[in-house]
Amino acid sequence: MTQPPVQTSASGHLDLIIEMTSDFAQSHDIEAILHLGLKRVCERLGAEAASLFLLEQDSGDLVCHACIGPTEVLGLRLAPGRGIVWRSIDLDTPQLVRDARFDPDFAVTVDEATGFVTRSILCAPMSFRGQKLGAIELFNKTDGQSFTSADGQLLRALAMSSALALINTRLVAGMAEQEAFRREIALASEIQRAMLPPPQPAASPIHGVNLPARGVSGDFYEILPLRDGRIAFAIGDVSGKGMNASLLMTKTASLFRCLAKREDGPGRMLAAIDSELHETGLAGMFVTMVAGILDPAAGRVILANAGHEPPLLRTRNGEYLPVDDGMPPLGIAPDLFADGCPESVVDLDGGALYLFTDGLTEARAGGGAMVGGDGARRLLDAFAGMPADERLQAVVRSLDGIGSLRDDVTLMVVEDRRLAAAGVFERRYSARPENLATIRAEVTEVARELGCSAGLVQDVVLAVDEACQNVIRHAYRGGDGDIVVHVGREDDLLVIRLMDFAPPVEVSKIRPRPLDEVRPGGLGIHLMRSVMDQVDFLPPPAGIGNLLQMVKRIDTP
Amino acid sequence: MNIETRDSDGIILVSLSGEVDLSHSAGLRKRLMELMFERRDVVVDLSAVTYVDSSGIAGLVEAYQMARKNNTRFVLAALSDPVRRVLQLARLDRVFTITDSAEAALKG
């Protein structure tokens, strides 16, 4: 039997180093690669047996991950302490033991247990730039000789390249794990989105919109019609971000749904959710939340607030009243809600109640300043003429457009639709001359329904037509765009609002022509002012579009 | 909107019908201005106009101004209610020559 020629310098074994490195590069099965590598080293150095130990992060023990030879020591643990392997690692140098019997660190226990007779030992640390990963230990040369220091250098080189390959492989595995985590987040976000209420029908008095800043949102909202015709709703924001926040959000939203179906009042719902959160023991996390129930027939909302931004009532006159009674957030201390949560009663009276998360007020506007409460109001004013569902979308989109969102944004509106039920009209048209006939026909119908006499219907239709013409000719200047026409009755007043989305028109330039001057042009605005009691170009809100309001008293016969 | 014109002993009778709004007023203006350039006497029968807005009125005003300059006749005849209302609102009922019927205008 011929032995392979034993080469003594590490450089002579480059082929082996390259082979091992390529093994590592091609496979992600670390255990299999370690075993293969160890086998190659064992053969090349002519050793009878070999074992490879890796440091276990958590315990600090050395654990045998690969083993060649007659003795099976796979899984063997070496606690920190004496022993040749530990000595090699601690000193970060190869250890050559020509005769194990004379080495005080040699542990005879394995030999005694297995019957293997250890004569010579060579052990080299697997380390790279001070990072200690483990060690490779060889036992007994097959030729009966002792290992040499040249063997030691070679093993050192092989062990070092194994260490490097191992570090790389672990990095790759770490990246794969991150990728898996990313996919998990994407999945969680999909589930979350599926949990949010579907878009409500346009006529619904409650609408909501959620725009997550990153994959997973800590915001939620709920809209839940009850059997008695009332509608339960909630908006909430979970502390923190990412997966935990989103799981807590999911839990809170589910709890709300269960409780709302029992038709408890909002105060009792919040108290019950608080107690449930404490039982789950999500330490350090809390939820701010508003729960409410709308009675659409009465235009009345019952609200309870646990630490959330105060909802904002926009009255039908365009004033803002915060509803700021409330309690601390849910999940803070187990006894806070022992006596329930106080409820507020809000009469909408033709107005709209807005609920939002701080993502709305803390979004950054173009200049970097926060949109803030005033900015939020301006945005709500800007889109006041639009149907509720489109309005929320428009507000959120304009936030998204003006800068990067730092936080999730959730916005809800609860409206008094009793007027709508009585014939309030709100419709969006493409601003083209050929649509004017349709607009006139539809406004004619609604003006009649709202109690206008035949003559008044004619005048109102003329005013709307003239206003639309202005939008087509002066705001969009023949370009594409939409007009939203709103016609409603507020007590004995017929209120018409026209909203466009063109650059603001300079109001001062729109003025009626002097009556004694007979010339075409400038007539439209005069006609509008003649037939309506009041015509106001409301200030172009936040630079978006133009809002025209026309009011006419309806004389009751 | 529909425009019909016919020659009645040298006077052009323009019969308008339907809705005269922004989508039609350019057509009306073009037809009237053609007649004005030909220096024709024109009677516009408005009895069948169901709706007119400021853009339609603007076409009539422009024709009226040109007729004055040309020293030709420009008469509005048989105003329907919607037309009368808008002319009143614009205080133009005192500016135009208005007759109760097209026949009266043609005779006059």
Side-chain angles (χ1 to χ4, degrees), chain A residues 429-444 447 453-478 483 510-533 535 552, chain B residues 1-2 16-33 35-36 44 46 48-70 74-76 79-98:
Chain A
Y429 303 93
S430 175
R432 295 163 184 277
E434 58 267 33
N435 284 336
L436 288 171
T438 312
I439 296 175
R440 287 196 301 270
E442 293 182 355
V443 171
T444 299
S453 66
L456 186 52
V457 169
Q458 219 179 65
D459 285 357
V460 163
V461 167
L462 179 67
V464 170
D465 181 289
E466 294 295 345
C468 289
Q469 278 191 55
N470 275 342
V471 171
I472 294 170
R473 293 162 63 171
H474 304 304
Y476 289 119
R477 296 167 185 275
I483 310 178
I510 303 171
R511 48 167 194 265
R513 79 188 160 87
L515 281 180
D516 49 359
E517 188 186 325
V518 179
R519 60 168 181 80
L523 196 54
I525 181 72
H526 169 70
L527 292 178
M528 287 152 63
R529 290 203 197 280
S530 304
V531 299
M532 303 299 286
D533 296 336
V535 178
K552 177 77 180 175
Chain B
M1 184 194 75
N2 195 33
L16 277 185
S17 59
E19 296 188 317
V20 185
D21 71 4
L22 188 60
S23 55
H24 308 107
S25 50
L28 171 64
R29 178 182 175 275
K30 183 165 173 285
R31 188 73 193 95
L32 290 178
M33 293 319 279
L35 295 168
M36 292 304 120
V44 185
L46 295 160
V49 172
T50 53
Y51 178 81
V52 68
D53 68 6
S54 61
S55 71
I57 297 297
L60 298 179
V61 169
E62 218 179 330
Y64 160 82
Q65 289 172 327
M66 195 123 166
R68 257 177 69 131
K69 220 163 62 187
N70 294 345
F74 184 76
V75 180
L76 303 186
L79 308 189
S80 65
D81 279 350
V83 176
R84 183 178 303 280
R85 173 68 176 153
V86 174
L87 288 179
Q88 276 170 357
L89 287 170
R91 315 281 164 85
L92 287 169
D93 50 340
R94 306 171 216 168
V95 174
F96 286 108
T97 308
I98 298 172

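Both backbone and side-chain heavy atoms feed into the values below; hydrogens, waters and symmetry mates do not. All chains are named by letter (A, B, ...) in the order of the sequence lines, taking the proteins before the strands, and each is independently numbered beginning at 1. Keep in mind the model is a prediction, meaning the values are calculated, not measured.
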Inset, instruction - Assess whether atom CG of B:D81 is packed by more than 12 heavy atoms of other residues, nucleotides or ligands within 6.0 Å. - result: no

Got a second to check how far [X]'s [atom1] is from [Y]'s [atom2], nearest 0.5 Å?
| X | Y | atom1 | atom2 | value |
| --- | --- | --- | --- | --- |
| B:Q88 | A:S530 | CD | OG | 11.5 Å |
| A:Q458 | B:T50 | CD | OG1 | 10.0 Å |
| A:L436 | B:Y51 | CG | OH | 7.5 Å |
| B:S54 | A:L462 | OG | CG | 7.5 Å |

Legend entry - Toward chain B, the part of A:R440 with a non-hydrogen atom under 4.5 Å: side chain

Inset, instruction - With a 4.5 angstrom heavy-atom cut-off, could you sort out which part of A:D459 is near chain B: side chain, backbone, both or neither? - result: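 Just its side chain gets close to chain B.
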
Legend entry - Heavy-atom closest pair, residues B:R85 and A:V531: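 Residues B:R85 and A:V531, closest heavy atoms: NH2-CG1, 4.2 Å.
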
Inset, instruction - Spell out the residues in residues 19-32 of chain B that have some non-hydrogen atom less than 4.5 Å away from a non-hydrogen atom of chain A, in order of number; otherwise answer 'none'. - result: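 Within residues 19-32 of chain B, near chain A: B:E19, B:D21, B:L22, B:S23.
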
Inset, instruction - Identify which part of B:V52 has an atom lying under 4.5 Å from any heavy atom of chain A, answering side chain, backbone, both or neither. - result: backbone

